[in-house]
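Model, not experiment: these values are computed from the prediction. Residue numbering restarts at 1 for every chain, and letters A, B, ... go by the order of the sequence lines.
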Amino acid sequence: MGFLGGMAEELEARQKHLALSLLKTPQSIKSTKHLRSIHVILLRTSLHRSSFAVGNFITSCANFGLMNYAVQLFDEMPQPNSFVWNTIIRGFQQTHQPRHTLDLFHRMRTTEPVVVPDCFTYPFVIRACTELKEHLRGKCIHGLLFKAGLELDTFIGTSLIEFYGGFGDTISSRRVFDELPVKDKVAWTVMLSSCVNLQAARKLFDRMPGKDLVVWNIMIFQYIKAGDVQNAHDLFALAPIKDLLMYNTVLGGYARHGEVETMLSFFNGMPTKDLVSWNTIIGGLVRDKRVKEAMDHFHHMLSENICPNEITLVSLLSACAQVGALDTGRWLHSYIDRNNRGSSVVVGTALVDMYSKCGDLESANCVFDKLQDKDVVAWNAMIMGFSMNGQSRTTLKLFKRMKNESVVPNEITILGVLCACVHAGFVSEGRELFHSMVKDLGLAPRVEHYGCMVDLLGRAGLLDEAYELIQGMPMEPHIGVWGALLGACKLHKKVELAEIAIKHLNELEHEDGGYLTMMSNIYANAGRWDDVAKTREVMREKRVDKLRGCSSIEVNGEIHEFGAEDKAHPRLNEIREMIDEILSRLRVAGHVASRNEVFFDVEDEEKDKALLYHSEKMAVAFGLIVTAKGTVIRVVKNLRICGDCHAVMKLVSKSFEREIVIRDRSRFHHFKNGCCSCGDYW
DNA sequence: ATCTGTAATC
């Protein structure tokens, strides 16, 4: 020993000293590398038994989001004191792992020797309950802290106010607020933002002493949340001082409520703009489906040297997904690859969704496979992608793979898989899935799941089973459920059941006139002309708006829209000539326009010659004119494709040697060499 | 403590 032993001791002492001084000032730990070195020192020396060192280390781990290091040390502590328990609980809550927070809280109270939670424990535990929407549990914990006789400070108080506010229980929030012995600024502001009721918020606002900027901002936002943009703006005008945040809040109000023009002029009048302002305006344009303008603003933003974040990219990608702007989406993808190497799951998911909704499954799948740490949302996006593109077998396989990789499916996953079963007519698989979601996954079916099941059974001709399912529903059936039944009745010519469905549809007040059209077609098909006339009469009385058929196609990053019988497009003549060309080729191929479809078209694009100029035919004709030979023609339609168009597209795909991808209201049709991916089952 | 975004049946 002697000399060398002394060296080693001194080295250890110096390391300990270094680690402790770093842990004392958390901001001195600047990288995960530092953290790892400290981790090593703690493990190697006696420091891993020091509450002070471990506690502070846990705090630093939480700052870097690396709670796994923290857990390792924590688990080795024989008897953590309350400081250590509190830091690990806080760490989990700060890294948004509320399940762990509650779990640790439970362990703290049950592991011997029991450590009593204090005013540094409860706020985080209450927050965990808020995040997890655990109402009952939160109330129990509130009871516990009351029984413990802890003084209500701002920290505990605000967590409780937020907790009750999160459940819309302003009364309880208010009670906690009133019980606070000292009401500081933070308590007031938290109380104000927790008000669910606008009037209550305003009353509090008016009573509040010494209102600062934050308070004005919150009140303005309260108006916007309630949809009262006018009052929000009036209050904004009254505010003694305004900051960028306040401008952004008002801007967001216009964006959220679709007042796009006002939003744009307000934006232009803003003294300064930050990333949030740009994101808001882009989001507003996207919501209004103005993709081109959203992209223009994006480029403008780049030219002002503002760097986009995840939110910017996700908004733009979702815009491309909505309108089927594949070229623009691809450009964004390459932008992301060029600038944000190793992009996040969220952006990756948005990419998967964009490619899926543009009908480019290969690219969607490619992005998906490369995604690291796929969460449920990512899996859902891909499952939905395969599902709506008619690849039902693949969807089922993917679902299996997801479970193998132990990602827990949620309600939306099931909806996606059910939807695939509907498209392919997999009745037994769908039925089994519907039952297993309750039995194996503990998920409660929502109305949407019932809608899907009714659709599945109905299409397959099992109308009685479908109707029975509706009658056994634990909740009120909604439009979608009855609509699916009505659609099935039309398909299988069941007039009596259709009458039951339409009766319920009429009782549920809704905007969609398509169902009455469908009903009149069902009567027409049964030859019940009196009833047809009656239904038409009801439609006239109700003045139901027929949803106009509308199809769009993207060419060179621009979206061209076509309405049925649209006469607005500058190249209309060429399009008409192309449609004539299509028709003459079709005649050679022996196609006879199915006139019935004029009558039967679900959303009634109506009348004889209209059939020739259905919006999707115009869009495809335009695509044939302006795109290069061999490229895929991609069209998005707002309604469901009609039978004649479907038949025509099949023939066009063969005769013009073009792949045509049409996304309709509910799914995709990939036409290739005379066939459609849906196998004519839709 | 206040502002911006992702998957969804008919």
Side-chain angles (χ1 to χ4, degrees), chain A residues 154 158 161-162 184-194 212-222 224-225 243-253 255-256 274-284 286-287 308-319 321 344-354 356-357 375-385 387-388 410-416 418-419 421-423 445-456 458 478-488 505 510 512 514-515 518 602 640 665-667:
Chain A
T154 298
T158 51
I161 291 171
E162 278 175 335
D184 59 10
K185 217 165 214 165
V186 176
W188 276 96
T189 45
V190 170
M191 187 59 230
L192 181 62
S193 53
S194 297
D212 62 4
L213 242 173
V214 178
V215 172
W216 281 85
N217 274 334
I218 294 174
M219 192 59 226
I220 291 172
F221 189 58
Q222 284 285 13
I224 284 165
K225 271 197 288 194
D243 65 350
L244 183 52
L245 231 130
M246 199 182 276
Y247 274 96
N248 283 343
T249 306
V250 177
L251 186 70
R256 203 189 272 222
D274 68 353
L275 179 57
V276 175
S277 330
W278 286 98
N279 283 347
T280 306
I281 199 127
I282 288 173
V286 167
R287 216 163 307 181
N309 64 2
E310 219 176 47
I311 297 177
T312 328
L313 298 167
V314 166
S315 304
L316 289 167
L317 285 170
S318 83
S344 68
V345 210
V346 186
V347 175
T349 303
L351 277 169
V352 169
D353 185 51
M354 180 278 292
S356 299
K357 292 208 174 108
D375 60 2
V376 217
V377 182
W379 282 92
N380 287 354
M382 193 66 250
I383 283 179
M384 210 57 221
S387 173
M388 66 190 165
N410 63 14
E411 291 93 338
I412 293 155
T413 321
I414 307 297
L415 209 54
L418 271 182
C419 186
C421 295
V422 172
H423 290 164
R446 298 191 200 160
V447 227
E448 291 90 339
H449 296 94
Y450 280 97
C452 237
M453 281 307 290
V454 170
D455 200 16
L456 175 70
H478 71 326
I479 316 167
V481 173
W482 291 115
L485 188 71
L486 186 68
L505 281 167
H510 60 90
D512 195 342
Y515 295 121
M518 209 191 283
V602 186
R640 285 185 46 192
R665 186 193 178 112
S666 65
R667 60 181 300 179

Need one value for Val276(A): base, sugar-phosphate or nothing, where a base atom within 4.0 Å counts as base even if backbone is also close, heavy atoms only.
base
Ile414(A) CD1 to dT9(B) C1', in whole Å, measures 13 Å
Proximity to the side chain of Ile311(A) - top-ranked nucleotide from dC10(B), dG5(B), dA7(B)
dG5(B)
Taking any heavy-atom pair under 4.0 Å as a contact, classify His449(A): base, sugar-phosphate, or nothing.
nothing
Within this structure, what is the CG-to-P distance between Asp353(A) and dG5(B), rounded to whole angstrom?
16 Å
Nearest to side-chain heavy atoms of Asn248(A), which nucleotide of dA8(B), dC3(B), dT9(B):
dC3(B)
Within the side chain of Asp353(A), is there an N or O that forms a donor-acceptor pair under 3.5 Å with the backbone of Ser356(A)?
no
Using OP1 and OP2 only, check whether a side-chain N or O of Arg287(A) sits under 4.0 Å from dG5(B).
yes
Please classify the nucleic acid contact of Thr280(A) as base, sugar-phosphate, or nothing, using heavy-atom distances under 4.0 Å.
sugar-phosphate
Kindly point out which of dT9(B), dT6(B), dT4(B) is positioned nearest to the side chain of Asn309(A)?
dT4(B)
Base, sugar-phosphate alone, or nothing: which one does Asp274(A) contact when heavy atoms must sit under 4.0 Å apart?
nothing
In whole angstroms, how far is the P atom of dG5(B) from the CG atom of Asn279(A)?
8 Å
Of all heavy-atom pairs between Ile383(A) and Gly416(A), which one has the smallest distance, and what is that distance?
CG2-C, 4.1 Å
When you compare the side chain of Leu275(A) with that of Ile311(A), does any pair of heavy atoms fall below 4.5 Å?
no
As a test of reading the structure: which of dC10(B), dC3(B), dA8(B) is closest to the side chain of Arg446(A), going by heavy atoms?
dA8(B)
The nucleotide from dT6(B), dA1(B), dT9(B) with an atom nearest the side chain of His478(A) is dT9(B)
Regarding the side chain of Glu310(A), the nearest nucleotide among dG5(B), dC10(B), dT2(B) is dG5(B)
Regarding Val186(A), tell me which of base, sugar-phosphate or nothing describes its non-hydrogen contacts under 4.0 Å with the strands shown.
nothing
Among dT4(B), dG5(B), dA7(B), which is the nearest nucleotide to the side chain of Ser315(A)?
dG5(B)
Value in whole Å for how far the C1' atom of dA7(B) lies from CG of Leu351(A)
14 Å
Check the phosphate of dA8(B) against Lys357(A), side-chain N and O only, distance under 4.0 Å to OP1 or OP2. Yes or no?
yes
Side-chain donor or acceptor of Thr249(A) paired with backbone N/O of Asn217(A) under 3.5 Å:
no
Are any of Arg256(A)'s side-chain N or O atoms less than 4.0 Å away from OP1 or OP2 of dT4(B)?
yes
Applying a 4.0 Å non-hydrogen cut-off, can you work out what Ile218(A) is touching in the nucleic acid: base, sugar-phosphate, or nothing?
sugar-phosphate
How close or far is atom P of dC3(B) from atom CG of Asn217(A), stated in whole angstroms?
9 Å
The side chain of Leu415(A) is closest to which nucleotide in this list: dC10(B), dA8(B), dT6(B)?
dA8(B)
Asp455(A) CG - dC10(B) C1' separation (whole Å)
7 Å
Student check: side-chain heavy atoms of Val481(A) and Leu485(A) closer than 4.5 Å:
no
Rounded to whole Å, the CH2-C1' distance (Trp216(A) to dA1(B)) equals 18 Å
Take Thr312(A) and Asn309(A) through the test side chain to side chain donor-acceptor pair (under 3.5 Å) and record every step on the way to the result.
CA-CA 5 Å; Thr312(A) 328; Asn309(A) 64 2; 2.9 Å; yes
Starting from C1' on dT9(B), measure out to OH on Tyr450(A) and report it in whole angstrom.
14 Å
